[in-house]
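Order of the sequence lines fixes the chain letters, A, B, ..., with proteins taken first and strands second; residue numbering starts at 1 for each chain. Only this structure's heavy atoms are used, side chains among them; waters, hydrogens and symmetry mates stay out.
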Number of protein chains: 2
Amino acid sequence: MIKDKFADAVTAPPPDDGEADIGAIKDILGFHIRLAHGACLRHFTETFTDLDLTQKQVSVLWLVDDHPGIAQTDLAQRLRMDRATTMAIINRLQAKHFLRRDRSDKDGRKQALFLEEPGKAMLARAKTAIGEHEAWVKSRFSDKEVRQLIDLLSRIHE
Amino acid sequence: MIKDKFADAVTAPPPDDGEADIGAIKDILGFHIRLAHGACLRHFTETFTDLDLTQKQVSVLWLVDDHPGIAQTDLAQRLRMDRATTMAIINRLQAKHFLRRDRSDKDGRKQALFLEEPGKAMLARAKTAIGEHEAWVKSRFSDKEVRQLIDLLSRIHE
DNA sequence: GTGGATTGTAAGTGTTGCTAACGAATAGGC
DNA sequence: GCCTATTCGTTAGCAACACTTACAATCCAC
């Protein structure tokens, strides 16, 4: 099984320990964050194959729904993305008619984003799928541990 | 400040709560994992601009050092990567003369991977940089919290 | 030996992140 | 009001990864 081999990777001690080493790879916090994220992303992608949406795309739909008329820059800052990267995502979502850009009245430079009907419908389906996905992630934790984990992770992304 | 805007994104309640909603985006564990990973990756990339190495590349160097003669498939399984993806990474590292491929004696299909001298030197520098990076991540936690976090994350990637 | 599985490789696609540059619009100092 | 600096959206290009399919070489079981 892949799982066993992997556990081995995190468990296996280095063959030599003579030199000044900063420790085994399994003690590197960043390593665990990366792997946990990878596992999460993998399951997310599986869950969303039918809907054909990525994590980023769902996050954008969700935030536009929560903040109708939000500008792209605002969105980028909230999701810690580049302006250019945000563009690419918005383009894909717009091509699917999930949202539209309206020139902002107050600031001619900005594009106000609004969900279109297909986008709202898709977001509703996406939220259900996220529910399943979350259940999968949370299945290995107690409620208290989930709160703990969110608290600890929040401190990393501030 | 970006930080404030971002905190707002995680904190701001949705304007309407009438329909059957699965909760605010800030309660989605996957969302926090993604953001924490992003923050981590960003800092890692900054720390490693001089060395011109990515997280994956460092992981590969580290594992090849820990397991001299390891095969690419083995590496891929340990890091949860695709065979093809592993190829690309090994190619880049080989182009920099950080490691070499030797046809395995025991199995003619396999390529045994070994660090070259430049690779060993680079790994030593990388481990120092990882030390700094880890210090940055861990600065916001107590030792106990670090252990907790690693334990919780480990349960996600098994 | 033959057939099936494994391993590395190659080629192609898609998503995401970055940079640099540009025009359009705004905001602030004067 | 006017000029300058900044912001916003946009385009283009580059790099890293993850995925797929296909293929040749090798190994193993029978």
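Residues satisfying the side-chain hydrogen bond (donor to acceptor under 3.5 Å, both in side chains) criterion with A/Arg83, sequence neighbours excluded, are absent altogether. By the side-chain hydrogen bond (donor to acceptor under 3.5 Å, both in side chains) test, A/Arg147 pairs with no residue at all, sequence neighbours left out. Remark: B/Asp82 engages no residue in a side-chain hydrogen bond (donor to acceptor under 3.5 Å, both in side chains) (not counting sequence neighbours).
Remark: side-chain polar atoms of A/Thr47 are paired, donor with acceptor, to backbone N or O of A/His43 under 3.5 angstrom. At distances below 3.5 Å, not a single donor-acceptor pair connects side-chain atoms of B/Gln111 with backbone N or O atoms of B/Ser104.
Remark: of the listed residues A/Glu116, A/Arg101, A/Arg100, A/Arg101 is the sole one forming a side-chain hydrogen bond (donor to acceptor under 3.5 Å, both in side chains) with A/Gln94.
Taking 4.0 angstrom as the limit, B/Arg101 places a side-chain polar atom (N or O) nearer than this to OP1 or OP2 of C/dT9. The side chain of B/Gln55 places no N or O atom within less than 4.0 Å of a non-bridging phosphate oxygen (OP1 or OP2) of D/dA16.
Within a heavy-atom distance below 4.0 Å of DNA chain C, the residues of residues 38-54 of chain A found are A/Thr54. For residues 104-111 of chain A, proximity to DNA chain D is found at A/Arg109, A/Lys110, A/Gln111, defined as any non-hydrogen atom under 4.0 angstrom from a strand atom.
In this structure, B/Lys138 does not pair ionically with B/Glu145, as no charged nitrogen and carboxylate oxygen lie closer than 4.0 Å.
Using bins of under 30°, 30° to 60° and over 60° for the plane-to-plane angle, the ring pair A/His133/A/Phe44 lands in the perpendicular bin.
Heavy atoms of other residues, nucleotides or ligands lying less than 6.0 angstrom from NZ of B/Lys56 number more than 12. Residue-environment remark: NZ (B/Lys96) exceeds the threshold of 12 foreign heavy atoms within 6.0 Å.
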Identify all pairs in which a protein N or O lies below 3.5 Å from an N or O of nucleotides 13-15 of chain D, and state each distance.
none

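Where A/Arg34 and A/Ala71 each meet DNA chain D at their nearest nucleotide, the meeting point lying more 5' is that of A/Ala71.
Closest to the side chain of A/Met87, out of D/dT11, C/dT16, D/dT20, is D/dT11.
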